[in-house]
Amino acid sequence: MDRLSEVFSALADPTRRAILARLAQGEATVNQLAEPFPISLQAVSKHLKVLERAGLISRGKEAQWRPCRLDADPLREVAVWVAGYERFWEQRYDQLGEYLRQLQKEER
């Protein structure tokens with residue numbers, strides 16, 4: 001699987017997106033990351049492995065703790081990919097705007 005596909009696959013899960021949002025605020029341990037979720041620590045660890053494999057997080061080593069931290073570089077690749085469709089959506093909005101202007105003229 002290519003890197004962009006791994007990142008999209010990792011982002012497809014709402015729990016993983018919530019974990020990334022939490023890590024955007026700063027480093028956290030697995031226990032801290034697991035607190036808001038009604039799932040086991042083992043399940044959170046599996047989500048972290050998916051995020052780590054996609055390159056979205058890294059784990060440090062501090063004594064017995066391995067805090068997780070966000071690595072946002074792969075998200076830049078997603079942003080670049082999405083931006084490629086920006087022109088498509090701008091054209092659609094322009095067409096919608098023109099259609100609405102025509103409707104307003106017809107109502108007068």
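Numbers here are sequence positions counted from 1.
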S.K.: So do L11 and L56 actually touch side chain to side chain, heavy atoms under 4.5 Å?
M.R.: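 Answer yes - side chains close enough.
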S.K.: Check the hydrophobic clustering (I, L, V, M, F, W, Y; side-chain heavy atoms under 4.5 Å; chains of links allowed) and say if M1 and L4 are grouped together.
M.R.: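 Different clusters: M1 never reaches L4 through Ile, Leu, Val, Met, Phe, Trp or Tyr contacts under 4.5 Å.
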S.K.: Using only atom types and a distance under 3.5 Å, with no angle test, would you say the side chain of R16 pairs donor to acceptor with the backbone of A10?
M.R.: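 Yes; at least one donor-acceptor contact below 3.5 Å.
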S.K.: Is it true that atom CD of Q102 has more than 12 heavy atoms of other residues, nucleotides or ligands lying nearer than 6.0 Å?
M.R.: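 For Q102, atom CD is crowded (more than 12 foreign heavy atoms under 6.0 Å).
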S.K.: Check whether any side-chain heavy atom of H47 lies under 4.5 Å from a side-chain heavy atom of L33, and answer yes or no.
M.R.: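 No, every pair of side-chain atoms sits at 4.5 Å or beyond.
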S.K.: Does any N or O in the side chain of S45 come within less than 3.5 Å of the main-chain N or O of L41, such that one atom is a donor and the other an acceptor?
M.R.: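 Indeed, once roles are kept as given, a pair shorter than 3.5 Å links the two residues.
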S.K.: Taking all non-hydrogen atoms of both residues into account, name the closest pair between A24 and L70 and its distance.
M.R.: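 Closest approach of A24 to L70, heavy atoms only: CA-CD2, 3.8 Å.
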S.K.: If you look at every heavy atom in C68 and L48, which pair is closest and at what distance?
M.R.: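 Nearest heavy atoms, C68 then L48: SG-CD1, 4.0 Å.
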S.K.: Kindly indicate whether the side chain of L20, heavy atoms from C-beta on, has any atom under 4.5 Å from the side chain of I57.
M.R.: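 Of all side-chain heavy-atom pairs linking I57 with L20, at least one is under 4.5 Å.
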S.K.: Kindly compute the distance separating CH2 (W65) from CD (Q32), expressed to the nearest 0.5 Å.
M.R.: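 Here the interatomic distance stands at 8.0 Å.
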S.K.: Measuring from I39:CD1 to K46:NZ, what's the distance to the nearest 0.5 Å?
M.R.: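 Reported value, rounded in 0.5 Å steps: 10.5 Å.
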S.K.: Report, as yes or no, whether the 6.0 Å neighbourhood of atom OH on Y99 holds more than 12 heavy atoms from other residues, nucleotides or ligands.
M.R.: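 12 or below, so no.
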S.K.: Is there a chain of hydrophobic side chains (I, L, V, M, F, W, Y, each step under 4.5 Å between heavy atoms) that links V80 to F88?
M.R.: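 V80 and F88: separate clusters.
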S.K.: Just how far is it from atom CD of E6 to atom CZ of R3, taken to the nearest 0.5 Å?
M.R.: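 That separation rounds to 8.0 Å.
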S.K.: Is there a chain of hydrophobic side chains (I, L, V, M, F, W, Y, each step under 4.5 Å between heavy atoms) that links V78 to Y85?
M.R.: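 Linked, V78 and Y85 end up in one cluster.
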S.K.: Looking at side-chain heavy atoms only, is the closest gap between W89 and R92 below 4.5 Å?
M.R.: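 Yes; the side chains approach each other to less than 4.5 Å.
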S.K.: For E98 and R101, run salt bridge (charged side-chain N to carboxylate O under 4.0 Å, His left out): C-alpha distance rounded to whole Å, both residues' side-chain angles, the deciding distance at 0.1 Å, then the answer.
M.R.: CA-CA 5 Å; E98 182 59 35; R101 279 190 289 278; 3.3 Å; yes
S.K.: Would you say V82 ends up clustered with V7 if hydrophobic residues are merged whenever their side chains have heavy atoms under 4.5 Å apart, either directly or through other cluster members?
M.R.: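 Yes; V82 is reachable from V7 via cluster members.
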S.K.: Between atom CG of L23 and atom CG of D71, what is the distance when rounded to the nearest 0.5 Å?
M.R.: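 It is 11.0 Å, given to the nearest 0.5 Å.
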S.K.: Hey, could you give me the OG1/CZ distance between T29 and R59, rounded to the nearest 0.5 Å?
M.R.: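 Rounded to the nearest 0.5 Å, the OG1-CZ separation comes out at 11.0 Å.
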S.K.: Please report the shortest heavy-atom distance between A28 and R22, naming the atom on each side.
M.R.: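 Minimum heavy-atom separation between A28 and R22: CB-NH2, 3.4 Å.
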